[in-house]
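Below is one structure, written out as structure tokens; comments come after it.
For reference, positions follow the sequence shown, starting with 1.
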Amino acid sequence: MSNAAAPSARSPRRAVVERTTKETRIRVAVDLDGTGVYKVSTGIGFLDHMLEQLSRHSLIDLEVEAVGDLHIDFHHTTEDTGIAIGEAVAKALGDRKGIQRYGDALIPMDETLTRVAIDLSNRPYLIWKVHFTRDKLGDMDTELFKEWFQAFAQAAGATLHVENLYGENNHHIVESSYKALARAFCAAVEIDPRKADAVPSTKGVLGGSL
């Protein structure tokens, strides 16, 4: 019988973030090793639907409770929700040891095809090549989706490229973007058992200018 000690269990990759401003009050909980269970309430029906897609297709458990100044418009709640989810993801990732770091997905939805690539480099950057032919989906301004992705990328420390290759239906364009993010993110946060205790960078840390 071997005398070697059993490997220690990995700490749960969970986090809770509470963000309160004069414009919004938000609580987010994430479990990166979940099964895609969600409970989302932002007061914006279409945004709720997209965040549910994000959870379901990334297999990340996600709870979002947001109260914002919707009597003004949806901008603050949308942006701050992206920030809070990104902050929770960054907190749950910790030093990012063992993660695959990169992920990409190509998601079709009827006539639409969207591509997302992500690098959890701790160097935030967004490339957004998504165009809409309508100003609103339901009551939500379509310009706000870029604001959400920008806020998420910045707070999560992600280099994120989102490109709609083609499509006609604006609902499909948005939904395929969130689903592609979900699948790319699922791959990027996966633990590589060959390097479970190493940061995936030759520098030994993630972040900075290289």
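- Heavy-atom minimum distance, Ala153 versus Pro124: O-CB, 3.4 Å.
- Counting only residues at least two apart or in different chains, salt bridge (Lys or Arg N to Asp or Glu O under 4.0 Å) contacts with residues 139-165 comprise Arg115-Glu163, Lys136-Asp141.
- The two residues Asp61 and Gly36 have their closest heavy-atom pair at OD1-N, 3.1 Å.
- From Met140, atom CE reaches atom CG of Leu47 across 4.5 Å, with rounding to the nearest 0.5 Å.
- Residues in residues 35-47 take part in these side-chain hydrogen bond (donor to acceptor under 3.5 Å, both in side chains) pairs, two or more places apart or across chains: Thr42-Asp48.
- No donor-acceptor pair under 3.5 Å is formed between the side chain of Asp69 and the backbone N or O of Ile72.
- For the atom pair CD (Gln100) and CG (Leu120), the distance works out to 11.0 Å, reported to the nearest 0.5 Å.
- When all heavy atoms of Ser58 and Cys186 are compared, the closest pair comes out as O-SG, 3.4 Å.
- A donor-acceptor distance shorter than 3.5 angstrom exists from the side chain of Asn164 to the backbone of Leu113, with no hydrogens or angles considered.
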Notebook entry, point to check: How far apart are the C-alpha atoms of Asp31 and Val37, what are their side-chain angles, what is the distance that settles it, and do they pass the side-chain contact (heavy atoms from CB on, under 4.5 Å) test?
Noted result: CA-CA 9 Å; Asp31 182 351; Val37 176; over 6 Å; no

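- Every pair passing side-chain hydrogen bond (donor to acceptor under 3.5 Å, both in side chains) that includes a residue from residues 126-135 is listed here, sequence neighbours excluded: Thr133-Asn170.
- Following chains of ILVMFWY side-chain contacts shorter than 4.5 Å, one can reach Met50 starting from Leu144, so the two form part of one hydrophobic cluster.
- Ile83 and Val30 fall into different hydrophobic clusters, where Ile, Leu, Val, Met, Phe, Trp and Tyr side chains are chained together by heavy-atom contacts under 4.5 Å.
- Between Phe145 and Phe132, the ring planes lie tilted relative to each other; the angle falls in the 30° to 60° range.
- The line from CD of Glu23 to CZ of Arg25 is 13.5 Å long, rounded to the nearest 0.5 Å.
- Among residue pairs with one or both ends in residues 165-181, those qualifying as salt bridge (Lys or Arg N to Asp or Glu O under 4.0 Å) are Glu175-Lys179; sequence neighbours excluded.
- Residues forming a side chain to side chain contact (heavy atoms under 4.5 Å, CB included) with Ala90 (at least two apart in sequence, or on another chain): Arg96.
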Item checked: Steps toward side-chain contact (heavy atoms from CB on, under 4.5 Å) verdict (Ile99, Ile191) -> CA-CA 4 Å; Ile99 62 170; Ile191 297 298; 4.2 Å; yes

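- Rounding to the nearest 0.5 angstrom, the gap separating the CG atom in Leu54 from the CD1 atom in Ile85 is 6.5 Å.
- In terms of heavy-atom proximity, Ala105 sits nearest to Ala180 at CB-O, 3.5 Å.
- For the atom pair CD1 (Ile118) and NE2 (His161), the distance works out to 10.0 Å, reported to the nearest 0.5 Å.
- Considering all non-hydrogen atoms of both residues, Thr114 and Ile173 come closest at OG1-O, 4.1 Å.
- Residues Val130 and Leu51 fall within the same hydrophobic cluster, defined by Ile, Leu, Val, Met, Phe, Trp and Tyr side chains chained together at heavy-atom separations under 4.5 Å.
- No more than 12 heavy-atom neighbours from other residues, nucleotides or ligands sit within 6.0 angstrom of CZ on Arg56.
- The side-chain hydrogen bond (donor to acceptor under 3.5 Å, both in side chains) contacts involving residues 77-94 comprise Thr24-Asp80, where partners must be two or more places apart or lie in separate chains.
- Nearest heavy-atom pair across Arg183 and His57 is CD-O, 3.2 Å.
- Taking OG from Ser176 and CD from Glu111, the interatomic distance works out to 8.5 Å, rounded to the nearest 0.5 Å.
- Under the 4.5 Å side-chain contact rule for hydrophobic residues, Leu59 and Leu181 do not share a cluster.
- In this structure, Tyr178 has its ring center at least 6.0 angstrom away from the ring center of Phe152.
- Under a hydrophobic clustering in which Ile, Leu, Val, Met, Phe, Trp and Tyr are joined whenever their side-chain heavy atoms come within less than 4.5 Å, directly or via other members, Val116 and Ile107 fall into different clusters.
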Note to self: Before you tell me yes or no, could you show the steps for Ile127 and Thr159 under side-chain contact (heavy atoms from CB on, under 4.5 Å), namely the whole-Å CA-CA distance, both residues' side-chain angles and the distance that decides it to 0.1 Å?
What the structure shows: CA-CA 8 Å; Ile127 295 294; Thr159 296; over 6 Å; no

